[in-house]
Amino acid sequence: MADITQLEAFVTQVRRDIVRQVHKVNSGHPGGSLGCAEFLVALYQHVLQRKEGFNMDGNQEDIFFLSNGHISPVFYSVLARSGYFPVEELNTFRLLNSRLQGHPTTHEGLPGIRIASGSLGQGISVAIGAAAAKKLNNDNHIVYALCGDGELQEGQNWEAIMYGSGNKVDNLIVAVDLNGQQIDGSTDTVLPLGDVKGKFEAFGWDVVTIEQGNDIQAILEGMESAKTKTGQGKPICVLLQTVMGNGVDFMMHTHAWHGKAPNDEQLASALAQNPETLGDY
Amino acid sequence: MKTYIDTGKKDTRSGFGAGLTELGKTNENVVALCADLTGSLKMDAFKANHPERFFQVGIAEANMMGMAAGLTIGGKIPFTGTFANFSTGRVYDQIRQSIAYSGKNVKICASHAGVTLGEDGATHQILEDLGLMKMLPGMTVINTCDYNQTKAATIAIADYDGPVYLRFGRPKVANFTPENGSFTIGKAVELQEGTDVTIIATGHLVWEALEACKTLQEKGISAGVINIHTIKPLDAAAILKSVAITGCVVTAEEHNYLGGLGESVSRILAENHPVPQEFVATQDTFGESGTPDQLMEKYGLNAAAIVKAATKVVARK
Ligand SMILES: Cc1ncc(C[n+]2csc(CCOP(=O)(O)OP(=O)(O)O)c2C)c(N)n1
Ligand SMILES: [Mg+2]
């Protein structure tokens, strides 16, 4: 059993890492990062069956792809604090010559990253390819991916989604960060996504909805349920209902902090709301 | 040597926004499409003034290009807006078939080109777009150098019938070309006359070339500077006229040396007047995160790099 209190403390530290990274270089994407903090912490600290260290092929372990690469601050924080690279390296986020590029990349060889992302809409396809490789390798582990809800507006996703069910890619769990926000406003004002659950089901996927996408317990239960659905001929979609900017009051429920850094005062306020738990980098 | 004055740093994308706002008032056939980057592309004013002529397509660039092609059938003049990477590489076949091959009057307006996009890093910093676009038959390719010129170009391309790729950027840079100046597609602008070397620059590198010209003069090298805002069709006459005097060339662009302005100039020289040429451009590499200035320095895309290249090419004559 997972220790919920411990995971929550982990999340609090990740939130600090997110706002500190973005503040230091006055660029990056705190909103989506904060909204997915609980999910990525639950994933890396409990859900994924991972091996020690990093191996690109990820044979005989679960692997994860981040399709919405702009939420790199949360990904980097969780990877560092899960042992993939030194936590101090978070200091170099978005700086010249850093391995922590604005969007995750394999180009600089950062452990934990298996594909570049940032140009939206490509991650599900990659995850399907990796899932097919696992099957060819007789590897029974699961491929996970996360994408944004605005990101689902890219047509390539739907090509992949159609492929996934048509070809029974049932070792794949794709989570969608349903925060209802993107750059220009809410997804409803930019381009309504309509019934996302109905769309995935119509495309032949099994869907698990996690209504409390910022609640560790709910995430663990939802992911457990998703896991039990693997191996049954269908890919699985997890609809993760989150709050953009979660855990920093002035960033919550708005698209305004999608890609904006806090100033000094705002940083202080964000940090005051999230006390140090694992030690700042 | 002529003196050019920076009237205050401005971003070229704001020049695009200002031009589009003006077009909204003067040309009712102009319509605009954007893929969830209205603020970054400075299209807010057009959207507010003409909501019925503004199409928010969501994060769906391929659909945007196809829709733009369709809008021309019925006489509209569509201006699409997104980052340069998502304006080209992301949608190459949609542009190729529905716009270029079909001969549609679409204006592909591309911001955040090159490494000066900065911290977002290589996934967003396209350095191959000029090459991709100039290879398309019938495509006009423009890369403007400052706010005023970008505004003028935006307005000018509405009056030209045919597909256009208009490339501009994110950072605030020197604004030195005339306010409300004229813009003639395909006509290079000679900014400095010189006798020792011709510097042929485009986009953000034009101001750097003017700075380099001053340094070179102090070193006793007389450099001509040509602002190539239109990479295709390229103004061969202007290039050859200057090269006839100087006998060597430096090309400067925020783009890969493969496929960029430099190679287009090389072809003109090879066909007409072969002379030594040096390329100030990225050397077949992706970009990375950093501040625009750091990246221009690291990738050799500034006045210092132009001075070095000019000194070298003069010695090769
Ligand atoms: C192909 C592509 N088009 C446009 C962008 C610019 N962009 C970056 S994030 C974003 C919005 C993404 O919305 P969503 O997936 O909902 O993520 P959230 O804002 O919720 O973090 C856009 C349009 C991009 N990165 N890639
Ligand atoms: Mg979203």
Side-chain angles (χ1 to χ4, degrees), chain A residues 21-22 24-29 67-70 72 92-108 115-122 147-159 181-193 255-256 258-261, chain B residues 33-44 47 51 54-67 81-91 93-94 112 115 117-126 170-171 285-299:
Chain A
Q21 286 175 82
V22 170
K24 180 174 175 194
V25 288
N26 192 27
S27 78
H29 301 78
S67 187
N68 45 338
H70 61 277
S72 54
T92 70
F93 176 62
R94 288 187 167 230
L95 295 181
L96 193 70
N97 301 321
S98 169
R99 298 199 292 179
L100 277 59
Q101 290 290 298
H103 295 76
T105 166
T106 54
H107 195 257
E108 277 73 18
I115 199 84
S117 60
S119 181
L120 294 166
Q122 306 187 22
C147 65
D149 50 1
E151 183 178 14
L152 283 183
Q153 291 158 356
E154 287 288 357
Q156 182 183 340
N157 292 301
W158 300 97
E159 299 174 20
Q181 309 288 343
Q182 55 189 107
I183 291 186
D184 280 353
S186 70
T187 51
D188 277 343
T189 54
V190 174
L191 180 64
L193 298 168
H255 67 277
H258 159 92
K260 195 174 92 173
Chain B
L33 300 89
C34 187
D36 196 21
L37 286 169
T38 314
S40 294
L41 267 286
K42 307 291 178 189
M43 296 168 93
D44 306 278
K47 179 188 173 189
F54 179 80
F55 298 84
Q56 167 64 269
V57 302
I59 314 171
E61 296 80 9
N63 185 44
M64 176 166 75
M65 291 304 166
M67 279 180 62
T82 181
F83 292 169
N85 185 33
F86 315 137
S87 295
T88 58
R90 179 88 196 182
V91 291
D93 193 46
Q94 284 77 17
H112 293 55
V115 291
L117 164 143
E119 290 85 351
D120 270 346
T123 52
H124 289 50
Q125 295 165 334
I126 196 161
R170 173 173 186 251
T285 173
F286 290 104
E288 65 178 292
S289 295
T291 66
D293 283 345
Q294 285 173 336
L295 294 166
M296 294 291 263
E297 172 71 26
K298 175 164 177 177
Y299 289 89

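All values below were derived from every heavy atom in this structure, side-chain atoms included, with hydrogens, water molecules and symmetry-related copies excluded. Throughout, a chain's letter reflects where its sequence line sits, starting with A, and its residues are numbered from 1.
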Is it true that a side-chain atom of [X] and a backbone atom of [Y] form a donor plus acceptor pair closer than 3.5 Å?
| X | Y | answer |
| --- | --- | --- |
| A:Gln101 | B:Ser289 | yes |
| A:His103 | B:Asp120 | yes |
| B:Gln56 | A:Leu191 | no |
| B:Asp36 | A:Ile183 | yes |

Enter the distance from B:Leu37:CG to A:Gln182:CD here, rounded to the nearest 0.5 Å.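 B:Leu37 CG to A:Gln182 CD: 10.0 Å, rounded to 0.5 Å.
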So how far is it from A:Gln153 CD to B:Glu61 CD, rounded to the nearest 0.5 Å?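 So the gap between those two atoms works out to 9.5 Å.
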Would you call A:Leu96 and B:Thr291 a side-chain contact if the rule is heavy atoms closer than 4.5 Å?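 The answer is no, as the side chains (C-beta and beyond) never meet within the 4.5 Å cut-off.
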Report yes if some heavy atom in the side chain of B:His124 is under 4.5 Å from a heavy atom in the side chain of A:His70; otherwise report no.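 No, their side chains stay 4.5 Å or more apart.
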Under 4.5 Å heavy-atom distance to chain B, tell me which part of [X] shows up: side chain, backbone, both or neither.
| X | answer |
| --- | --- |
| A:Ser119 | both |
| A:Glu151 | backbone |
| A:Leu120 | both |
| A:Asn26 | neither |
| A:Ser117 | backbone |

For the residue pair A:His107 and B:Phe286, does the interplanar ring angle fall in the parallel (under 30°), tilted (30 to 60°) or perpendicular (over 60°) class?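 Perpendicular.
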Shortest non-hydrogen separation from B:Thr123 to A:Ala116 and the atoms involved: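 Shortest heavy-atom contact: CG2-CB, 4.5 Å.
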